[in-house]
Structure formats: C-alpha cells, structure tokens
Amino acid sequence: MRLATLLTRSLAQELPSGMAAIPLNPGIIHTDMLSISFGEEAANYTPVSDWVLKAVPFILNLKPKDNGIPLTIH
C-alpha cells in the first residue's frame, strides 16, 4: 500500500465526525505533462475535459462514510 494512502487512513481516524480524508487516485489523464512523457501514446488516455465531467460529480458525491477508503475515478 502506498505511503500516501497509509497517511490518509491515519488522518481519517483522527478527524471529527462529519469530516473525511479520502485518498483519491485520479487515474491517467491526458495532460501536457503526459504528452511530454508518453509522446503520441498520451492520446490514448482520457482528455482533461472528459475527465472533469466524470470527476466533479464523483467528488461531489463523496460522503463521510468514504472516510479513509482509497478510491479511483474511472
């Protein structure tokens, strides 16, 4: 398990009721930086404009019950 996930889970245990710390993996997004690293292969990944349409509703639906649970935006 990644260190960031472990740290977030530890933080989640310390938060007051109603608050949450959620380790969130955004997935691979076609950004300028990805294009620099992956070259033409970057085009095979989700463009930022499409990712935002999925990510924003996903993030807005997170609840305290998700506290400490690692999640990924697909």
Side-chain angles (χ1 to χ4, degrees):
M1 190 173 298
R2 292 182 170 181
L3 179 59
T5 299
L6 290 173
L7 291 172
T8 305
R9 284 186 171 177
S10 294
L11 171 64
Q13 293 173 3
E14 302 296 324
L15 291 174
S17 178
M19 290 186 73
I22 302 164
L24 185 61
N25 176 355
I28 301 176
I29 307 163
H30 183 183
T31 61
D32 292 340
M33 185 166 40
L34 192 72
S35 292
I36 291 168
S37 300
F38 282 34
E40 293 178 13
E41 292 295 314
N44 295 325
Y45 296 96
T46 306
V48 173
S49 57
D50 292 346
W51 180 84
V52 168
L53 295 175
K54 293 186 297 186
V56 170
F58 181 87
I59 292 168
L60 290 175
N61 282 314
L62 294 174
K63 305 287 185 225
K65 68 174 179 56
D66 299 312
N67 192 27
I69 301 171
L71 300 173
T72 301
I73 297 174
H74 295 283

Applying the 4.5 Å side-chain criterion to the ILVMFWY set and letting contacts propagate, would Ile69 and Ile59 be lumped into a single cluster? yes
Scan for ring-ring contact (aromatic ring centres under 6.0 Å, His included) pairs involving residues 53-74, sequence neighbours excluded, and state none if there are none. none
Would you give the length of the straight line joining atom CG of Leu3 to atom OG1 of Thr8, rounded to the nearest 0.5 angstrom? 9.0 Å
Tell me which donor-acceptor pairs under 3.5 Å the side chains of residues 11-26 have, and how far apart each pair is, sequence neighbours excluded?
residue	atom	partner	partner atom	Å
Asn25	OD1	Gly27	N	2.7

In terms of hydrophobic clusters joined by side-chain contacts under 4.5 Å, are Val52 and Leu71 together? yes
Do you reckon Leu60 sits in the same ILVMFWY cluster as Leu62, going by side-chain contacts under 4.5 Å, direct or chained? yes
Which side chain to side chain donor-acceptor pair (under 3.5 Å) pairs, counting each pair once, include a residue from residues 43-69, with sequence neighbours left out? Glu41-Asn44
Which residue pairs satisfy the side chain to side chain donor-acceptor pair (under 3.5 Å) criterion with at least one member in residues 27-36, sequence neighbours excluded? His30-Ser35
Indicate, with yes or no, if Val56 and Val48 share a hydrophobic cluster defined by side-chain heavy-atom contacts under 4.5 Å among Ile, Leu, Val, Met, Phe, Trp and Tyr. yes
